[in-house]
Amino acid sequence: EVQFVESGGGMVQAGGSLRLSCAASGFTFDEAAIGWFRQAPGKEREGVACFDKSDGSKYYGDSVRGRFTISSDNAKNTIYLQMNNLEPEDTAVYYCATPWSVVGDIPIPPEHFGSWGQGIQVTVSS
């Protein structure tokens, strides 16, 4: 059974930083595409970043490119999302998920098929 446990969210002022962690289990971590999407109230699911472990490629959504960085620790089956220069528009629940597709370098999160965690709240105040 695929499982994700997210941690590291919270509240921060605009311009601040947070690092999210996601401990994964139940699948072959080293070969999967794993990443983060977010969803704010009343808005659609948005792909934030994904990491294709099979070839090391990383993809970012346009709204976070240059501010967020995705990384992993294979020994811990954990991926991270370092979020810098946070903006109020980044406020959302963030989910760790697999699998992913990529269209024109834009990460597309799973919608109807796939697995994701319980989500973690990130709130950025102005």
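Treat the numbers as computed from the prediction; the structure is a model and nothing was measured. All values below were derived from every heavy atom in this structure, side-chain atoms included, with hydrogens, water molecules and symmetry-related copies excluded.
The six-membered or imidazole ring of F4 lies near that of F27, with a centre-to-centre distance under 6.0 Å.
A distance-only check finds no donor-acceptor pair linking the side chain of S115 to the backbone of T98 [under 3.5 Å]. Judged by distance alone, with hydrogens and angles left aside, the side-chain atoms of E6 form a donor-acceptor pair with the main-chain N or O of G119 at under 3.5 Å.
W36 is not connected to V102 by any chain of hydrophobic side-chain contacts under 4.5 Å among Ile, Leu, Val, Met, Phe, Trp and Tyr, and they are in different clusters. No continuous path of hydrophobic side-chain contacts links Y94 to Y59 [ILVMFWY only; heavy atoms under 4.5 Å]. One hydrophobic cluster holds both V93 and W116 under the rule that ILVMFWY side chains link at heavy-atom gaps under 4.5 Å. Criterion: ILVMFWY side-chain heavy atoms under 4.5 Å apart, direct or through other members. Under it, W100 and L20 are not part of a common hydrophobic cluster. Criterion: ILVMFWY side-chain heavy atoms under 4.5 Å apart, direct or through other members. Under it, I34 and I106 are not part of a common hydrophobic cluster.
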task: Please lay out, stage by stage, how V124 and M83 fare under the test side chain to side chain contact (heavy atoms under 4.5 Å, CB included).
output: CA-CA 11 Å; V124 184; M83 306 185 292; over 6 Å; no

query: Under the side chain to side chain contact (heavy atoms under 4.5 Å, CB included) criterion, do T91 and R38 qualify, and how do the steps go?
result: CA-CA 9 Å; T91 296; R38 65 188 183 188; over 6 Å; no

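Taking all atoms of both residues into account, the shortest heavy-atom contact from P107 to C50 is CB-SG, 3.8 Å. Considering all non-hydrogen atoms of both residues, C96 and I79 come closest at SG-CD1, 3.8 Å. Here the shortest heavy-atom pairing between A92 and Q121 reads O-NE2, 3.5 Å. Closest non-hydrogen pair, P99 versus G114, comes out as CD-CA, 3.7 Å.
The 12-atom threshold is exceeded at CD of E111, counting heavy atoms of other residues, nucleotides or ligands nearer than 6.0 Å. Within a 6.0 Å sphere centred on NZ of K58, heavy atoms belonging to other residues, nucleotides or ligands number more than 12.
Here the straight-line distance linking atom CD of E31 with atom CG of D52 works out to 10.5 Å at 0.5 Å rounding. Rounding to the nearest 0.5 Å places OG of S126 at 12.0 Å from CD of E87. The distance from the CG atom of D105 to the OH atom of Y60 is 12.0 Å, given to the nearest 0.5 Å. With rounding to the nearest 0.5 angstrom, the CD atom of Q3 is 10.0 Å from the CD atom of Q118. The distance from the CZ atom of R19 to the OG1 atom of T69 is 11.5 Å, given to the nearest 0.5 Å. Expressed to the nearest 0.5 Å, how far OG of S17 lies from CG of N84 amounts to 3.5 Å.
Checking E89 against S63 by side-chain atom types alone, no donor-acceptor pair falls below 3.5 Å.
Taking 4.5 Å as the limit, every side-chain heavy atom of L18 sits out of range of all side-chain heavy atoms of F68. Residues K53 and N74 meet the side-chain proximity criterion, which asks for heavy atoms closer than 4.5 Å.
Aromatic ring orientation, F37 versus Y95: parallel (interplanar angle below 30°, classes split at 30° and 60°).
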